[in-house]
Amino acid sequence: MHKLWRHARLATLADGGWGLIDDGALVTEGELIRWVGPLPALPAQTQIDEEVNLGGALVTPGLVDCHTHLVYGGNRAREAEMRLGGASYEEIARAGGGIRSTVAATRAASDDALLHGTRRRAQALMAGGVTTLEIKSGYGLSLQDEAKCLRVARRLGSELPLQVRTTYLGAHALPPEFEGRPDDYIDAVCAWMATLHAEGLVDAVDAFCESIAFSTAQVARVFEAARALGLPVKLHAEQLSDQGGAALAASFGALSADHLEYLSADGIAAMKAAGSVAVLLPCAYYMLRETHLPPVARLRDAGVPIAVASDHNPGTAPGLSLQLAAHMACTFFRLTPLEAVAGITHHAARALGLGDRGLLRAGLRADLAVWEFDHPNELTYWFGHNPCRAVVQGGELRASSNA
Ligand code: NIG
Ligand code: FE
């Protein structure tokens, strides 16, 4: 089925700019874009089976949220209240709260309850223009519970008009049954990885490298296991302190290193050499009331590709708008609007190892977002309402809930 999508203002993001095309048109065949350009330039003999009039709306590539922790039970509103009263994230974590409290709620949740909560959150992100979503495990921390979370994530990808990539984050925190035995836990994480991978549940492997989580030596063991299975890696690195995590991840050819508030010059150089994407997570920065900025100017100067993600999680980033994350990346981190939009489209796709989306170009996936405004710089301008009218997932139009 060949579809002509006409009467659109396209922001193709091609060639490093906005790539604006007025009176633009796309031809899609099944899930792929076959042709993009100004309507008058459409070759006369092009096969068209169906036409969709987009009413002059602005169309961008569908958004890619490349870092989320969407599957969990419960919430951490009480902890947020404690932090507002002066307790720090580290203090709460060391006292057994933080990630561990979500682990307890996630283990206690039924498959149906987890699926229901996660589906609702995924739908909120989709309504805001997201067509590809990465979902990490990391709140199960046992083989059975990590598998439960990854299965929920995979099921969303088959139920919803959404592309889901799953990341195994067993090395997120030390579960209580391994208290005082972090190296034994890392052995378990590596052993479970093979089982989960054999079940087809893992696209990539992540870890949390931090003084309150795992050391570089422990993360290296997780990454060795991933390499042995042929799985790509990414890392929560340099969020609260400089542990040298980004350089370690780069030495394993990581797809990305994420957070990066405390990233060093050596880390930047290593990421550049490895081609790793720097994923910035301004919602967590905001929620933790961090003041230490990631080194955006130095990343830019070094030519490290920068992506932006929601980091949706119950502890440090309960927001469900990737557009708001892009807005914050501009206001807090001083990304330009063009950098932020590249960061939630093609650079985010690259952080997932996906070269087939994130731009409007012939041969790529027909994943689009349709907006109520005129210029793509408005994506990082508005906040507090959802200006997405519709998404197109693999060539199929889906009206947004607010359209
Ligand atoms: O990306 N930094 C570690 N993981 C999450 C937070 C997890 C939590 O607090 O539940 C993050 O910010
Ligand atoms: Fe995270």
Side-chain angles (χ1 to χ4, degrees), residues 65-83 87-107 117-118 121 125 133-141 145 149 153 165-175 204-214 219 222 233-243 245-246 249 254-263 277-290 292 294 307-320 322 325 328 348 351-352:
D65 196 345
C66 66
H67 180 141
T68 82
H69 308 249
L70 218 64
V71 188
Y72 57 84
N75 72 64
R76 307 237 292 278
R78 174 64 195 134
E79 274 180 23
E81 196 176 346
M82 285 161 65
R83 286 211 306 274
S88 76
Y89 184 63
E90 287 95 329
E91 280 163 8
I92 292 172
R94 288 188 200 286
I99 294 171
R100 275 194 183 184
S101 67
T102 298
V103 170
T106 304
R107 287 178 173 180
T118 309
R121 296 188 276 270
L125 286 165
L133 181 62
E134 185 255 19
I135 302 179
K136 301 176 195 297
S137 65
Y139 292 120
L141 309 188
D145 293 298
C149 294
R165 305 293 287 180
T166 51
T167 300
Y168 171 50
L169 177 58
H172 194 198
L174 191 65
V205 172
D206 195 350
F208 185 17
C209 186
E210 193 54 68
S211 58
I212 55 168
F214 298 100
V219 171
V222 175
V233 299
K234 31 184 56 245
L235 188 64
H236 285 70
E238 274 72 276
Q239 179 186 12
L240 308 169
S241 59
D242 178 16
Q243 303 278 324
L255 290 173
S256 70
D258 304 35
H259 284 289
L260 304 176
E261 277 82 346
Y262 289 83
L263 179 63
V277 177
V279 178
L280 304 181
L281 305 170
C283 297
Y285 171 93
Y286 161 76
M287 183 84 175
L288 291 175
R289 297 196 302 153
E290 270 283 345
H292 200 287
V308 176
S310 71
D311 191 20
H312 178 89
N313 74 74
T316 64
L320 285 165
L322 184 55
M328 289 182 178
L352 297 177

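Residue numbers count from 1 along this sequence. Order of appearance sets the numbers: ligands from 1, and atoms from 1 within every ligand. A quick note: this is a predicted structure, and the numbers were derived from the prediction, not measured.
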Participant: Report yes or no: does a heavy atom of Y139 sit under 4.0 Å from some atom of ligand 1?
Facilitator: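 The answer is yes, since Y139 has a heavy atom less than 4.0 Å from ligand 1.
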
Participant: Under 2.8 Å from the Fe ion (ligand 2), which protein N/O/S atoms are there?
Facilitator: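 Checking every protein N, O and S atom gives H67 NE2, H69 NE2, H236 NE2, D311 OD1.
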
Participant: Do R100's NZ or CZ and the ring of Y139 fall within the cation-pi criteria of under 6.0 Å and 45°?
Facilitator: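 Judged by the rule (NZ or CZ under 6.0 Å from the ring centre, within 45° of its axis), R100 is not positioned above Y139.
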
Participant: Which residue pairs pass the salt bridge (charged side-chain N to carboxylate O under 4.0 Å, His left out) test with at least one member in residues 67-81, sequence neighbours excluded?
Facilitator: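 For residues 67-81: R76-E79, R78-E81.
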
Participant: Looking at the rings of F208 and H259, which for Trp means the six-membered one, are their centres under 6.0 Å apart?
Facilitator: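 Centroid separation for F208 and H259: 6.0 Å or greater.
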
Participant: Taking the inter-plane angle between the rings of H67 and H236 on a 0 to 90° scale, is it parallel (under 30°), tilted (30 to 60°) or perpendicular (over 60°)?
Facilitator: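 Plane angle over 60°, so perpendicular.
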
Participant: If you count the atoms of ligand 1 from 1 in the order shown, which ones are under 4.0 Å from a heavy atom of H67?
Facilitator: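 Selected atoms, number and element: 1 (O).
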
Participant: SG/C283 to CG/N313 distance, rounded to the nearest 0.5 angstrom?
Facilitator: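 It comes to 10.0 Å.
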
Participant: Are any side-chain N or O atoms of E238 and backbone N or O atoms of G245, one a donor and one an acceptor, separated by less than 3.5 Å?
Facilitator: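 Judged by distance alone, yes, a pair lies under 3.5 Å.
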
Participant: Give the atoms of ligand 1, by number and element, whose distance to some non-hydrogen atom of H69 is under 4.0 Å.
Facilitator: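 Ligand 1 atoms under the 4.0 Å threshold to H69: 1 (O), 4 (N), 5 (C), 11 (C).
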
Participant: Under the side-chain hydrogen bond (donor to acceptor under 3.5 Å, both in side chains) test, which residues partner S256, sequence neighbours left out?
Facilitator: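 For S256, the residues satisfying side-chain hydrogen bond (donor to acceptor under 3.5 Å, both in side chains) (neighbours in sequence not counted) are K234, D258.
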
Participant: Identify, by atom number and element, the atoms of ligand 1 in contact range of H236, meaning under 4.0 Å from any of its heavy atoms.
Facilitator: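 By the 4.0 Å cutoff, the relevant atoms are 1 (O), 2 (N), 3 (C), 4 (N).
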
Participant: Check this for me - ligand 1, D311, N or O atoms closer than 3.5 angstrom, yes or no?
Facilitator: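 Yes, since at least one N or O of D311 sits under 3.5 Å from an N or O of ligand 1.
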
Participant: ring-ring contact (aromatic ring centres under 6.0 Å, His included) with Y262: which residues, sequence neighbours excluded?
Facilitator: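 By the ring-ring contact (aromatic ring centres under 6.0 Å, His included) rule, Y262 matches H292.
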
Participant: Please state which part of R76 comes within less than 4.0 Å of ligand 1, counting heavy atoms only: side chain, backbone, both or neither.
Facilitator: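 The answer is the side chain of R76.
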
Participant: Enumerate the atoms of ligand 1 whose separation from the nearest heavy atom of H172 is less than 4.0 angstrom.
Facilitator: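 Close to H172: 3 (C), 4 (N), 5 (C), 7 (C).
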
Participant: Heavy-atom distance to atom 2 (N) of ligand 1: which of R100, Q239, M287, H312 wins?
Facilitator: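 Closest candidate by heavy-atom distance is Q239.
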
Participant: Which atoms from ligand 1 have a heavy atom of Y89 less than 4.0 Å away?
Facilitator: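 Close to Y89: 6 (C), 7 (C), 8 (C), 9 (O).
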
Participant: Below 4.0 Å from ligand 1: does a non-hydrogen atom of H259 turn up there or not?
Facilitator: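 Heavy atoms of H259 do come under 4.0 Å of ligand 1.
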
Participant: Side-chain contact test, heavy atoms from C-beta onward, threshold under 4.5 Å: evaluate it for L70 versus L133 and give yes or no.
Facilitator: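 Answer yes - side chains close enough.
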
Participant: Using a 4.0 Å cutoff against the non-hydrogen atoms of I99, which atoms of ligand 1 qualify?
Facilitator: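 Checking each atom against I99, I get 7 (C), 8 (C), 9 (O), 10 (O).
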
Participant: I want to check something: taking the side chain as every heavy atom from C-beta on, are I92 and R83 in contact at a cut-off of under 4.5 Å?
Facilitator: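 Contact flag for I92/R83 side chains = yes.
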
Participant: Measure the shortest side-chain to side-chain distance between Q243 and V219 over non-hydrogen atoms and say whether it is less than 4.5 angstrom.
Facilitator: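 Not in contact.
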
